[in-house]
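One structure is given below, encoded as structure tokens.
Quick note on labels: first sequence line is chain A, next is B, and so on, each numbered from 1.
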Amino acid sequence: MIFRDRPDGKLMKVPNFKKINPYMFPTRDESILYCQDRLDIGNAIGMLLEMNRGKTPEERVTLFHVLLTALLRSVVERPMLNTFVAGQRYYRRNELSFSFVAKKELSDDGEETILKVRFNPNDTLFDVTRRTREAVSKAKSATGNSTEKEIDIVMALPRFGIKAFMWLYRFLDYNNMLPGFMIDTDPLYCTTFITNLGSIGLEPIDHHLYNWGTCGTFLAIGKVKRGPLYDGRSGQPRTAHVMDIRVSLDDRIADGYYYGNSLATFKRYVEDPTSLLKPPGYTKEQIDALGLKYMPD
Amino acid sequence: MIFRDRPDGTLIKVPSFKKVLTYTCPTRDESSLYFKETLEIEEAISLLLEKNRGKSPEDRITIFHLIVAAYVRTVVERPMVNTFVSGHRFYQRNEISFSLVAKKQMSDEGIEGLVKVKFSPMDTIEQVAARMKKAVLVGKSDAGSSSEREVDFLMSLPQPITSLVMWLYKVLDTNNLMPGFMIDNDPSYSTALITNLGSIGVDGVFHHLFNWGNSSVIMAIGRVKKVPLYDTRTADERKARVLDIYFTLDDRIADGTYYSNSLKAFKRYMEHPELLFEPPKYTKEQIDALKLRKGTVK
């Protein structure tokens with residue numbers, strides 16, 4: 001390692017008990033925890049119906065935006081979710097970014113593209129919606145984005161050329177010598193990767209984590225439906241609008257207790273989303289603890 | 001790569017965005033998607049009860065045959081699920097073949113083996129069942145398959161030699177130099193690997209994909225059970241017999257939309273099993289799109 005910090009993160013000191021993890025489990029795909037939960041989205045649906053009344057489809061705020069904003073708040077309040085392992089060291093990511101898939105056309109042949117969107121910790125639901133919408137419309141444009149053009153160039157090489165390029169990329173990444181502009185455009189370097197399977201009528205899947213890049217959390221969202229919810233104490237069922245989610249987590253970056261509380265925070269925001277409409281009012285200490293370098297206006 | 005096509009597949013051109021996945025996720029096990037689907041099988045059970053009336057156990061058509069027959073049709077109609085990655089390249093498999101787990105004896109000590117069964121795109125469920133029964137009989141026989149004898153020989157060698165042979169096998173496979181007869185015998189080279197855990201009373205597991213070979217799909221079938229189902233619009237409860245299928249899929253060969261539409265095709269056949277008793281009416285274009293090798297299935 002030539003530099004102490006990475007272009008996308010600040011080196012963290014962690015206890016030895018945690019430091020040994022990347023040596024015992026060097027790759028992300030062998031460190032995956034699979035978690036599932038059911039969210040009560042009755043309040044969110046009610047709020048969105050009222051907010052979207054009289055608006056065109058392009059202007060509407062969707063459930064996906066609510067989930068993104070809830071996740072954003074959860075990451076700000078639970079900053080360990082924004083840490084990652086690279087080159088067997090721990091870093092705190094210096095941006096809040098989510099990546100997700102957008103299809104240029106919703107068909108079997110429609111080309112798929114992944115886009116990365118950066119957020120400000122003080123974003124409201126409206127800011128998140130605006131940033132997401134701008135990124136999607138840019139990615140769906142026929143001209144393509146810069147990542148796609150870079151991929152086209154590399155993939156045009158013969159197989160040994162591609163392998164040499166990818167090996168060099170991984171080597172530079174591992175040793176913290178990868179230039180910032182390459183990380184910047186790569187969607188696999190992000191806080192969380194999200195796939196909205198509900199949008200194509202599917203239930204969520206357990207997704208693998210990518211060894212490529214630095215993303216330690218993968219969130220798969222299922223379809224909206226009415227279903228039973230059971231009271232944890234009495235076992236009494238009640239019916240509600242629900243959404244199942246599945247989350248794949250990197251076991252090395254946080255323990256079960258931390259992940260459990262983080263999931264509870266996320267759930268609280270989704271199930272009671274009115275606070276997402278207002279600026280969160282985080283203190284300077286809370287924002288500083290995130291160690292952010294890039295904050296979009 | 002000396003040859004363009006493989007003995008088991010035809011090279012296909014894919015967009016750069018897809019090609020790069022074989023470099024960011026080089027192995028199948030790090031590209032796995034796990035998906036569970038619950039299928040209502042009331043219709044299928046009634047139909048099979050009717051069709052099997054008066055038949056001996058050996059002649060009966062089972063739910064397992066029905067699942068396989070439904071998946072054969074799915075593969076024909078959704079050919080991308082019959083593609084695979086090998087040596088960072090994408091190929092369209094030139095046969096429709098499923099590998100099935102068969103135990104020689106139903107006990108803890110009973111030896112487990114995999115048998116590969118090849119199907120024709122025009123197969124009806126009766127033909128599917130006949131092919132499966134024949135292959136399982138061979139798999140369960142004491143003579144064993146040729147693949148088992150090869151494995152026995154390889155495992156009797158000293159460990160460094162075994163490792164060397166396995167390494168060489170992988171090098172040949174990655175560089176498309178593997179002779180066709182070796183692939184033909186190996187059950188890890190198939191459209192899908194199917195394990196019927198329901199037959200031993202287990203409710204299904206998410207099985208890993210094999211880095212060895214080139215199967216892109218694994219289906220683990222759970223047991224038949226009666227459970228409450230909830231209407232997704234009204235949340236009304238009703239009880240029905242269902243079966244869970246645990247799919248493990250290679251993320252690199254198709255995207256979510258394609259897999260989702262393929263699952264819909266599969267579910268349609270499971271919900272309308274009577275269609276499987278009729279020969280399918282596929283067009284020449286549909287059959288050509290599968291790029292099947294001639295003479296693989298009699």
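Looking at B:L249, there are no atoms closer than 4.5 Å to chain A (heavy atoms on both sides), in backbone or side chain. Contacts of B:F247 with chain A are absent, with no heavy-atom separation under 4.5 Å from either backbone or side chain. Both the backbone and the side chain of A:D206 have a heavy atom closer than 4.5 Å to some heavy atom of chain B. Using a 4.5 Å cut-off between heavy atoms, A:Y34 contacts chain B through its side chain alone, with no backbone atom that close. Looking at B:S32, the atoms closer than 4.5 Å to chain A (heavy atoms on both sides) all sit in the backbone: N, CA, C or O. With a 4.5 Å cut-off on non-hydrogen atoms, A:R28 does not touch chain B at all. For B:K36, no part lies near chain A; criterion is any non-hydrogen pair under 4.5 Å. Only the backbone of A:L209 comes within contact range of chain B, judged by heavy atoms closer than 4.5 Å.
When each of B:E30, B:K19, B:K18 is checked for heavy-atom pairs under 4.5 Å with chain A, B:E30 comes out on top. Between chain A and the options B:G87, B:P26, B:P15, B:C25, heavy-atom pairs under 4.5 Å are most frequent for B:G87. For the set A:L202, A:I32, A:I153, A:L188, the entry with the most heavy-atom pairs within less than 4.5 Å of chain B is A:L202. Looking only at heavy-atom pairs under 4.5 Å with chain B, the residue among A:I162, A:L197, A:V224 that has the most is A:I162. Chain B forms more heavy-atom pairs under 4.5 Å with one residue of A:D29, A:T27, A:V154 than with any other, namely A:D29.
B:Y189 and B:D173 form a side-chain donor-acceptor contact under 3.5 Å, judged by distance and modelled atom types alone. Using modelled atom types and a 3.5 Å distance limit, the side chains of B:Y259 and B:D251 yield no donor-acceptor pair. Between the side chains of B:N82 and B:T191, at least one donor-acceptor pair of N or O atoms lies under 3.5 Å. Side-chain contact of B:N214 with B:S86: a donor-acceptor pair under 3.5 Å is absent, judged by distance alone. With hydrogens and angles left out, the side-chain atoms of B:Y269 and B:E77 include a donor and acceptor closer than 3.5 Å. There is no side-chain donor-acceptor pair under 3.5 Å between B:E37 and B:Y246. In the model, B:Y282 has no side-chain atom that pairs as donor or acceptor with a side-chain atom of B:D288 under 3.5 Å.
Using a 4.5 Å heavy-atom cutoff, the side chains of A:F84 and A:D8 are in contact. In this structure, the side chains of A:M182 and A:E150 stay at 4.5 Å or more apart for every pair of heavy atoms.
Within residues 216-240 of chain B, the residues having any heavy atom less than 4.5 Å from a heavy atom of chain A are, in residue-number order, B:Y230, B:D231, B:T232, B:R233, B:T234, B:A235. Residues of residues 225-250 of chain A that come within less than 4.5 angstrom of chain B, heavy atom to heavy atom, are A:K225, A:R226, A:G227, A:P228, A:Y230, A:T239 in numerical order.
Aromatic rings of A:F100 and A:F193 (six-membered ring for Trp) have centroids beyond the 6.0 Å cut-off, not under it. Separation of the B:W212 and B:Y169 ring centroids falls under the 6.0 Å cut-off. In this structure, the ring of B:H88 has its center less than 6.0 angstrom from the ring center of B:Y23.
Of the possible donor and acceptor atoms, none in the side chain of B:Y34 sits under 3.5 Å from a partner among the backbone N and O of A:H207.
Between B:R28 and B:V85, the shortest heavy-atom contact is NH1-O, 3.2 Å.
Atom CD of B:E271 has more than 12 heavy atoms from other residues, nucleotides or ligands within 6.0 Å.
The aromatic rings of A:H208 and A:Y210 lie perpendicular to each other, with more than 60° between the two planes, well past the 30° mark.
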